[in-house]
Amino acid sequence: MSVFDWASRNLKPTQLPDVFPVEVFDSLVICASQILQKEANCVTIDNLASESTVVVVGDLHGQLHDLLFLLRDAGLPSENRFFVFNGNYVDRGAWGFETFLIVLAWKVFMPKRVYPLRGNHESKYCTSIYGFEKEVLTKYSDRGKHMYRRCLGCFKSLPLASLIGKHVYTAHGGVFRHIPVIPRKSKGMKSRRMAFNPESNSLSLGSFEELNKARRSVLDPSWEGSNLIPGDVMWSDPSRTPGLSFNIERGIGLTWGPDCTDNFLKKFQLKLIIRSHEGPDARKKRPSLGGMDEGYTVDHIVESGKLITLFSAPDYPQFQGTEERYKNKGAYIILEPPNFDDPVFRSFEAITPRPKADPFYNFEDVTDADEELGLASMVTSS
């Protein structure tokens with residue numbers, strides 16, 4: 001952590017290999033991937049004691065110095081301090097590489113205390129647009145392609161969601177659908193096998209059994225076909241409007257209303273959903289929901305509990321095409337015993353001044369919020 005902090009202030013990006021060699025990177029990412037691959041799509045964090053606390057972190061987007069502050073402010077991971085990172089470590093900010101590797105290093109160091117989940121930006125599609133690919137290629141020159149591919153491989157290993165204690169569900173985007181199937185007879189056989197029904201337009205909430213059976217090892221999640229759950233978990237958004245519907249604005253995932261939050265919580269005996277995915281840019285375009293000034297919003301309060309959006313990148317984005325900045329705070333959540341379902345919010349200002357850095361994407365031409373990306377062009381990779 002201290003080396004990356006020092007390098008960001010004293011070295012050019014192209015000098016990073018002098019303090020963090022490729023061989024060290026390979027060792028870290030391979031080790032982390034091996035640990036992550038063994039975890040379920042939805043990790044269960046139930047080894048909590050009366051002295052334990054759980055820290056939940058939202059989007060970081062390459063804002064290294066804010067991550068370093070957060071870790072010191074909340075207290076570093078320890079035997080009694082768990083961390084759940086809710087995705088989007090990379091893109092837009094100038095230090096996505098360092099941010100992602102710090103989270104991976106903590107995972108390797110304390111695999112049963114640190115749980116990084118996958119966000120929608122941990123994909124080939126987003127990283128090719130929002131700067132992470134160019135960042136790695138710039139910092140590591142001729143070895144950059146190798147390292148970028150290693151990062152993509154690690155993205156595929158990241159779990160999709162977590163269950164904390166008995167009552168808290170976290171995921172980057174949110175809830176997910178039930179995948180309808182129809183019985184179909186196989187030719188020449190009396191047995192019946194189940195097949196995905198692409199004709200079905202009905203939407204209903206899925207189960208954790210379905211979530212854990214989904215194939216997460218896809219770089220760019222499907223917006224059609226039989227493997228829609230990873231895309232739902234990473235790309236979906238809440239709404240004030242009741243019901244479950246297709247997320248037309250993003251072109252992938254779902255939108256869901258307070259009734260669906262209540263149903264989801266009741267169905268699985270939960271009390272709290274913590275998701276991320278929307279910063280101040282996205283929320284400015286959805287005034288019916290709360291803004292991101294404090295780094296979090298309480299989007300649904302229902303009979304069974306709450307839905308919260310958490311965003312941990314203050315003064316976001318680092319590079320912005322307009323003179324007016326959002327100047328939002330970042331936030332993290334602390335969950336405390338005995339039930340770990342009553343969130344304590346900690347908002348914080350951006351660390352200033354940030355070291356001078358150049359962007360790795362054309363931020364003036366690339367839209368801020370992901371809603372306008374045109375995801376129909378996204379190529380599904382395995």
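Numbers here are sequence positions counted from 1.
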Which atom pairs, donor and acceptor, lie under 3.5 Å between side-chain atoms of residues 30-45 and protein residues at least two apart or in another chain?
{"residue": "Ser33", "atom": "OG", "partner": "Val29", "partner atom": "O", "Å": "2.8"}
{"residue": "Gln37", "atom": "NE2", "partner": "Ser157", "partner atom": "OG", "Å": "3.4"}
{"residue": "Glu39", "atom": "OE2", "partner": "Lys107", "partner atom": "NZ", "Å": "2.6"}
{"residue": "Asn41", "atom": "OD1", "partner": "Arg216", "partner atom": "NH1", "Å": "2.9"}
{"residue": "Asn41", "atom": "ND2", "partner": "Leu211", "partner atom": "O", "Å": "2.8"}
{"residue": "Asn41", "atom": "ND2", "partner": "Asn212", "partner atom": "O", "Å": "3.4"}
{"residue": "Asn41", "atom": "ND2", "partner": "Ala214", "partner atom": "O", "Å": "2.8"}

Self-check item: Aromatic centroids of Phe311 and Tyr296 separated by under 6.0 Å
Solution: no

Exercise. Using modelled atom types only, decide if a donor and an acceptor are shared between the side chain of Arg240 and the backbone of Gly257 within a distance under 3.5 Å.
Key: no

Exercise. Would you indicate whether the side-chain heavy atoms of Ile308 and Leu272 approach each other to under 4.5 Å?
Key: yes

Show me the donor-acceptor pairs within less than 3.5 Å that the side chains of residues 64-76 make with the rest of the protein, sequence neighbours left out.
{"residue": "His65", "atom": "NE2", "partner": "Ser8", "partner atom": "OG", "Å": "2.7"}
{"residue": "Asp66", "atom": "OD1", "partner": "Ile351", "partner atom": "N", "Å": "2.9"}
{"residue": "Asp66", "atom": "OD2", "partner": "Gln63", "partner atom": "NE2", "Å": "2.8"}
{"residue": "Asp73", "atom": "OD2", "partner": "Tyr332", "partner atom": "OH", "Å": "2.6"}

Exercise. Determine the minimum heavy-atom distance between Ser162 and Thr170, stating which atoms define it.
Key: OG-OG1, 2.6 Å

Practice problem: Tell me, please, which residues at least two apart from Ser245 pass side-chain hydrogen bond (donor to acceptor under 3.5 Å, both in side chains). | Solution: Thr255

Quiz prompt | Lys266 vs Glu303 side-chain heavy atoms within contact, under 4.5 Å | solution = yes

Practice problem: Please test Arg275 against Thr309 for side chain to side chain donor-acceptor pair (under 3.5 Å), starting from the C-alpha separation and ending with a verdict. | Solution: CA-CA 5 Å; Arg275 47 91 63 178; Thr309 295; 3.0 Å; yes

Self-check item: With Phe360 via ring-ring contact (aromatic ring centres under 6.0 Å, His included) - residues at least two apart
Solution: none

Quiz item: Any donor and acceptor pair, going by atom type alone, linking the side chain of Asn328 with main-chain N or O of Gly295 inside 3.5 Å?
Solution: no

Quiz item: Considering the options Phe208, Tyr169, Phe176, which one meets the ring pair (Phe, Tyr, Trp, His ring centres under 6.0 Å) requirement together with Phe268?
Solution: Phe208

Exercise. Please identify each residue that fulfils side-chain hydrogen bond (donor to acceptor under 3.5 Å, both in side chains) with Tyr140, with sequence neighbours left out.
Key: none

Quiz item: Just wondering, are more than 12 heavy atoms of other shown residues or ligands nearer than 6.0 Å to NZ in Lys267?
Solution: yes

Quiz prompt | Aromatic ring proximity, centroids under 6.0 angstrom, Phe132 and Tyr130 | solution = no

Just list the side-chain donor-acceptor pairs under 3.5 Å for residues 46-60, sequence neighbours left out, or say none.
{"residue": "Ser52", "atom": "OG", "partner": "Ala49", "partner atom": "N", "Å": "2.9"}
{"residue": "Ser52", "atom": "OG", "partner": "Ala49", "partner atom": "O", "Å": "3.4"}
{"residue": "Asp59", "atom": "OD1", "partner": "His277", "partner atom": "N", "Å": "3.0"}
{"residue": "Asp59", "atom": "OD2", "partner": "Asn88", "partner atom": "ND2", "Å": "3.0"}

Practice problem: Report yes or no: does His172 contribute a side-chain atom to a donor-acceptor pair with the main-chain N or O of Asn86 at less than 3.5 Å? | Solution: yes

Exercise. Begin with the C-alpha distance, continue with both residues' side-chain angles, and end with the deciding distance and a verdict on side chain to side chain donor-acceptor pair (under 3.5 Å) for Asn247 and Asp237.
Key: CA-CA 8 Å; Asn247 196 332; Asp237 295 301; 2.9 Å; yes

Practice problem: Give me the ring orientation class for His121 and His61: parallel if the planes are under 30° apart, tilted from 30 to 60°, perpendicular past 60°. | Solution: perpendicular

Practice problem: For the pair Asp281 and Lys285, find out whether any cationic side-chain nitrogen is under 4.0 Å from an anionic carboxylate oxygen. | Solution: no

Quiz item: Cut-off 3.5 Å, side chains only: do Gln320 and Thr322 have a donor facing an acceptor?
Solution: yes

Quiz prompt | Leu104/Tyr89 under side-chain contact (heavy atoms from CB on, under 4.5 Å): CA gap, chis, key distance, verdict | solution = CA-CA 10 Å; Leu104 286 189; Tyr89 314 99; over 6 Å; no

Quiz prompt | Side chain Gln318, main chain Ala94, donor-acceptor under 3.5 Å | solution = yes

Quiz item: Between the main-chain N or O of Val24 and the side-chain N or O of Ser27, is there a donor-acceptor pair closer than 3.5 Å?
Solution: no

